[in-house]
Protein chains: 2
Amino acid sequence: MAARRVLKYAILGLLRKDDKSGYDITSDFKQAIGQFWSAKHSQIYTELKKLLEEELISSYIELSGEKLEKKMYTLTEKGKEDLHTWLLTQDDHLETEKDVFALRLYFLKDIPSADLLALFENQLNLRTNKLNMLKEQYAYHFGEENRPVDLDADDLGHYFVLTKAISREENYIFWLMESMDIIRQRQYGE
Amino acid sequence: MAARRVLKYAILGLLRKDDKSGYDITSDFKQAIGQFWSAKHSQIYTELKKLLEEELISSYIELSGEKLEKKMYTLTEKGKEDLHTWLLTQDDHLETEKDVFALRLYFLKDIPSADLLALFENQLNLRTNKLNMLKEQYAYHFGEENRPVDLDADDLGHYFVLTKAISREENYIFWLMESMDIIRQRQYGE
DNA sequence: GTTAAACATGTAAACAATGACATGTTTAAT
DNA sequence: ATTAAACATGTCATTGTTTACATGTTTAAC
């Protein structure tokens, strides 16, 4: 999968507002943006090293306590330009959005109805938990009264991504429940 | 990304009903199931070789015309068992569903409104085309009168996967249009 | 004071995936 | 007869990603 050097731009993008450490970037991928891109710390540290060599970022040391050295990264001018160009790039095709549950389901002819429903239940559980987490995040950041038209430009990206993730999960859950109904009806008809 | 050897099981799964060649499998990934998993022919031929070594599949030659040799693959008993076990496996977590458009959008603070709308238009176009293709596929295979309860078990997987893909795209398009409205309203308020 | 969780940074081996290279046949249209 | 598209199979170099290895500090709870 993986279009060309997406992690590179994900990192440059995360550095657009504030300087961050590798650990900070790793943490960001566990928040909202992690719904749409993520990477392990091993890959992040390696990519940061590469970006330094390419002079798209620079680094300095910040002390956290007495001994713990945090290596902070800043976007260079070159890095800002590169990021800006990428942000304006239009995709010319859509990549496969891989989904192992759907793949498995395609082969369902060989799965007994009861096991099939167990698979659906499990997926429904995972998705419901995820949706709840996302809704909590939404409530925490945007509350109920906040209308997107009045939002600060800084928060708009976060707003879009969170609403996208929520909408994706709601849609997934809706389809899961619809499909379970069909399976149950077929089971009854047997 | 890629959870553990998903391509392996995708291939075993595609061989569950009929023998297929590497080319056939490559073609399948351009159809419905390609919405949820896909691979290039280079990876497929390599994986087939590996599966042969592991004795999960066996192969024979079929002539197509006078000279063209098609290498056909069949699931072995061992392969069937392995596939069956995998089909019943419950996921214990959800992987990041990577989406470069959403990632880009997260950094939208640095994109002028007009450019942003152009990015959205482009995405809307790509998604609308895809949705139309999926709907054509649906109409072709299931028509209008076909109720899922009455479907042959053989076709049910296909039905679920197609409706899933359609629902995903419709949801994506809906969110795109909603977001574009918000951007236009904010633009007006400037 | 101990301990566990979170903070913090890196490397290396193995595995997954793409793009380019490489070659040849069959079918359908003109 | 020619030609283009589809059929058909493979390898190799590079890039992307994960898992495991490896080490140490700080903070908050008990």
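Residue numbers begin at 1 in each chain, while the letters A, B, ... track the order of the sequences. Quick note: numbers below take in every heavy atom, side chains included, and nothing from hydrogens, waters or symmetry partners. Quick caveat: nothing in here was measured; it's all calculated off a predicted structure.
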Who else is in Leu126(A)'s hydrophobic cluster (ILVMFWY, side-chain heavy atoms under 4.5 Å, direct or via others)? Leu94(B)
If each end axis of the helix from dG1(C)-dC30(D) to dT30(C)-dA1(D) is fitted on five C1' pair positions, the angle between them, to 10 degrees, is 40°
Tell me which residues in residues 8-17 of chain B put a heavy atom below 4.0 Å from DNA chain C, sorted by number, or none. none
Check the distance between dT18(C)'s P and Phe29(B)'s CZ and give it to me in whole angstrom. 10 Å
Side-chain N or O of Ser21(B) closer than 4.0 Å to phosphate OP1/OP2 of dT9(D): yes
Check residues 58-73 of chain A and write down every donor-acceptor pair under 3.5 Å in which the side-chain atom is one partner and the other belongs to a residue at least two apart or another chain.
unit_1	atom_1	unit_2	atom_2	d
Tyr60(A)	OH	Asp19(A)	OD2	2.6

For Leu151(A), is there any backbone N or O sitting under 3.5 Å from a side-chain donor or acceptor partner on Arg186(B)? yes
Spell out, as yes or no, whether a donor-acceptor pair under 3.5 Å connects the side chain of Asp99(B) to the backbone of Ala102(B). yes
Determine which pairs satisfy side-chain hydrogen bond (donor to acceptor under 3.5 Å, both in side chains) with at least one residue from residues 83-92 of chain B, sequence neighbours left out, and list them in order. Arg104(A)-Asp91(B)
Which residues within residues 78-88 of chain A lie with some heavy atom under 4.0 Å of an atom in DNA chain D? none
Rounding to an integer number of Å, can you tell me how far Lys70(A) NZ sits from dC7(C) P? 10 Å
Distance (rounded to the nearest 0.5 Å) between Lys50(A) NZ and Leu7(A) CG: 9.5 Å
Lys17(B) atom NZ, over 12 foreign heavy atoms within 6.0 Å: yes
Write out all pairs satisfying ring pair (Phe, Tyr, Trp, His ring centres under 6.0 Å) with one or both partners inside residues 98-125 of chain A, taking only residues at least two apart or from two chains. Phe101(A)-Phe120(A)
Any idea how Phe142(A) and Tyr138(A) line up, ring-wise: parallel (<30°), tilted (30 to 60°), or perpendicular (>60°)? tilted
With no hydrogens and no angle check, is any side-chain donor or acceptor of Thr128(B) less than 3.5 Å from a backbone partner on Leu124(B)? yes
Can you list every side-chain hydrogen bond (donor to acceptor under 3.5 Å, both in side chains) pair that touches residues 23-34 of chain A, not counting sequence neighbours? Lys20(A)-Asp28(A), Ser21(A)-Asp24(A)
Tabulate atom names and distances for all N/O pairs under 3.5 angstrom spanning the protein and nucleotides 24-26 of chain D.
unit_1	atom_1	unit_2	atom_2	d
dT25(D)	OP1	Lys67(A)	NZ	3.4
dT26(D)	OP1	Glu66(A)	N	2.8
dT26(D)	OP1	Lys67(A)	N	2.6
dT26(D)	OP1	Leu68(A)	N	3.3

Calculate the interatomic distance between Glu95(B) atom CD and dG16(D) atom P; express it in whole Å. 19 Å
Aromatic ring pairing Tyr172(B)/Trp175(B), orientation class (parallel under 30°, perpendicular over 60°, tilted between): perpendicular
Listed by chain and number, what are the salt bridge (Lys or Arg N to Asp or Glu O under 4.0 Å) partners of Asp181(A), not counting sequence neighbours? Arg184(A)
Heavy-atom contacts under 4.0 Å between residues 39-53 of chain B and DNA chain D, which residues? His41(B), Ser42(B), Tyr45(B), Lys49(B)
Look at Tyr23(A) and dC7(C) and indicate whether a side-chain polar atom (N or O) is within less than 4.0 Å of OP1 or OP2. yes
Just by modelled atom types, is the Asn171(A) backbone N or O under 3.5 Å from a matching donor or acceptor in the Arg168(B) side chain? no
If you compare all heavy atoms of Pro112(B) against all heavy atoms of Leu88(A), which two are closest, and at what distance to 0.1 Å? CD-CD2, 4.5 Å
Using the test salt bridge (Lys or Arg N to Asp or Glu O under 4.0 Å), find all partners of Glu81(B) that sit at least two apart in sequence or belong to another chain. none
Distance check needed: dA14(C) C1' versus Arg5(B) CZ, whole Å only. 13 Å
Once you round it to whole Å, what is the distance between C1' of dT17(D) and NZ of Lys98(B)? 7 Å
